[in-house]
Amino acid sequence: MTEASPIATERACPALNREYPADFRVDDAYKASLPDLQNGPASLIVGARAPIQHVGISNFRLPIRYQAPQGGEIALETSVTGTVSLEADRKGINMSRIMRSFYAHAEKRFSMGVLEAALEDYKSDLGSVDARIMMRLSYPMRVESLRSGLSGWQYYDIALELAEQAGRRLRIMHFDYVYSSTCPCSLELAEHARQMRGQLATPHSQRSVARLSVVMQGDTLWFEDMVALCRRAVATETQVMVKREDEQAFAELNAANPIFVEDAVRAFAAGLMAEPRVGDFRVVASHQESLHSHDAVSVMTRGETFAHANLDPAIFAGLRA
């Protein structure tokens, strides 16, 4: 039996240091020697040599300070998405530059002016024509109960978007409002059963949510302004702190404001049309039915910004009350 020759492992693999070099320091010459494939030649492009409308990073988080309309400020964890356009003959971008550009402004109190400065910086840093920033946060407001005098914190999911495309810059707010919707048809049928047959019946209602996306123009549109607009349009906002007298009051409030999903989007739209600080808008509403195993949904738009013949497959899935 012939003895097998040993595999030449040691000759094939060089002896490399396996300890982390904590004392290693990078100088300018070493940095200049580092490979950068994202800024490589067009010959390295994979797939179609075509422009990309959005490339960047999503959901990097940091605390941002927001101003309250009555003065003072509040620091809130904010999720940031930043993208730029990429020309057809460019391989890619250095993603970390978006974060570095945004961090340069992150310590300032938030304003749309600060957001515009951050967008200008990373558009310049990355040599892009178009750029976008979206900031998502959950904004707290103290809300009083209907009758008991208690109060608690209501949280509103908000996204602020700054987009520049072909020299046109848009400032957009996406605002989620959660409310209760009592079905007008069910309410009438319940009353019919009581009056005609002395039969106790209750109308069905459900937690519902609307997302109002608005192009902001002119003076500052505060988060509190959007809350007030939504409450005027649909009064049955879900409650925070509730005792028995509040629960009874909420039942009465729902009975006084029965609403179909079609009614809801029109009510929100009427409020937006009357607001001079709002341009184009879209209202997406979802009534997450207690009667059916499906949801009742509606979409209403004004202007070209949100006008699309097609529906995003996730447009309603993202509305979870």
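If you're wondering where the values come from, they're calculated on a predicted model, not measured in any experiment.
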Would a distance-only check, ignoring hydrogens and angles, find a side-chain to backbone donor-acceptor pair under 3.5 Å from [X] to [Y]?
X	Y	answer
Asp246	Arg147	yes
Glu275	Arg277	yes
Asp295	Val297	no
Asn257	Leu253	yes
Thr81	Ser79	no
Gln154	Thr238	yes

Single-linkage hydrophobic cluster [X]~[Y], side-chain heavy atoms < 4.5 angstrom:
X	Y	value
Val261	Phe281	no
Val80	Met99	yes
Phe175	Met216	yes
Leu291	Leu189	no
Val215	Val278	no

Min side-chain heavy-atom separation [X]-[Y] under 4.5 Å:
X	Y	value
Glu164	Arg132	no
Glu144	Leu150	no
Trp153	Val240	no
Val178	Arg207	yes
Ile172	Leu160	no
Ile158	Asp176	no
Ser298	Val283	no

Query raised in the report: Does the pair Glu191/Arg194 count as a salt bridge with the N-to-O cut at 4.0 Å?
Result: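 Arg194 and Glu191: salt-bridged.
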
Query raised in the report: Salt-bridged, Asp28 to Lys31, with N to O below 4.0 Å?
Result: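 So Asp28 pairs with Lys31 through a salt bridge.
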
Any side-chain donor-acceptor pair under 3.5 Å between [X] and [Y]?
X	Y	value
Arg142	Ser151	yes
Asn254	Ser205	no
Ser101	Asp121	no
Thr236	Ser180	no
His204	Ser186	no

Requested in this report: Kindly assign one of parallel, tilted or perpendicular to the pair Phe223 and Tyr66, based on the angle between their ring planes and the thresholds 30° and 60°.
Outcome: tilted

Using every non-hydrogen atom in the two residues, find where [X] and [Y] come nearest and quote the distance to one decimal.
X	Y	answer
Leu272	Arg302	O-NH2, 4.4 Å
Tyr156	Val227	OH-CG1, 3.6 Å
Val55	Ile52	CB-CG2, 4.2 Å
Lys243	Ser148	CD-CB, 3.8 Å
Arg169	Leu119	NH2-CD2, 3.6 Å
Phe316	Ala285	CE2-O, 4.3 Å

Within a reach of under 6.0 Å around [atom1] of [X], are more than 12 heavy atoms found that belong to other residues, nucleotides or ligands?
X	atom1	answer
Glu289	CD	yes
Phe24	CZ	yes
Asp219	CG	no

Out of curiosity, [X] [atom1] to [Y] [atom2], how far, rounded to the nearest 0.5 Å?
X	Y	atom1	atom2	answer
Leu146	Phe250	CG	CZ	7.5 Å
Asp157	His174	CG	NE2	13.0 Å
Thr83	Ile133	OG1	CD1	9.0 Å
Phe260	Cys183	CZ	SG	4.5 Å
Glu237	Tyr177	CD	OH	4.5 Å
Asp280	Leu170	CG	CG	8.0 Å

Report task. Walk me through it: do Tyr179 and Val209 pass the test side-chain contact (heavy atoms from CB on, under 4.5 Å)? Result -> CA-CA 6 Å; Tyr179 58 98; Val209 59; 5.6 Å; no

**Report entry** Partner set under ring pair (Phe, Tyr, Trp, His ring centres under 6.0 Å) for His292, not counting sequence neighbours
**Finding:** His294

Requested in this report: Could you go through the side-chain contact (heavy atoms from CB on, under 4.5 Å) check for Asn59 and Arg136 one step at a time?
Outcome: CA-CA 9 Å; Asn59 196 35; Arg136 292 185 292 113; 3.6 Å; yes

Requested in this report: Take Val299 and Arg282, measure what side-chain contact (heavy atoms from CB on, under 4.5 Å) needs, and give me the verdict at the end.
Outcome: CA-CA 7 Å; Val299 179; Arg282 178 182 62 211; 4.1 Å; yes

Query raised in the report: Are Gln206 and Ser181 close enough, and set up right, to give a side-chain hydrogen bond (donor to acceptor under 3.5 Å, both in side chains), and what steps lead you there?
Result: CA-CA 6 Å; Gln206 51 275 319; Ser181 59; 2.9 Å; yes

Requested in this report: Output, in order, the C-alpha distance, side-chain angles, deciding distance and verdict of side-chain contact (heavy atoms from CB on, under 4.5 Å) for Val242 and Ser145.
Outcome: CA-CA 6 Å; Val242 174; Ser145 59; 6.0 Å; no

Taking distance alone, no hydrogens or angles, what donor-acceptor pairs closer than 3.5 Å link side-chain atoms of residues 106-118 to residues at least two apart or in another chain?
residue: Lys108; atom: NZ; partner: His105; partner atom: ND1; Å: 3.1
residue: Arg109; atom: NE; partner: Glu73; partner atom: OE1; Å: 2.9
residue: Arg109; atom: NH1; partner: Gln67; partner atom: OE1; Å: 3.4
residue: Arg109; atom: NH2; partner: Glu73; partner atom: OE1; Å: 3.0
residue: Ser111; atom: OG; partner: Gly113; partner atom: N; Å: 3.3
residue: Ser111; atom: OG; partner: Val114; partner atom: N; Å: 3.1

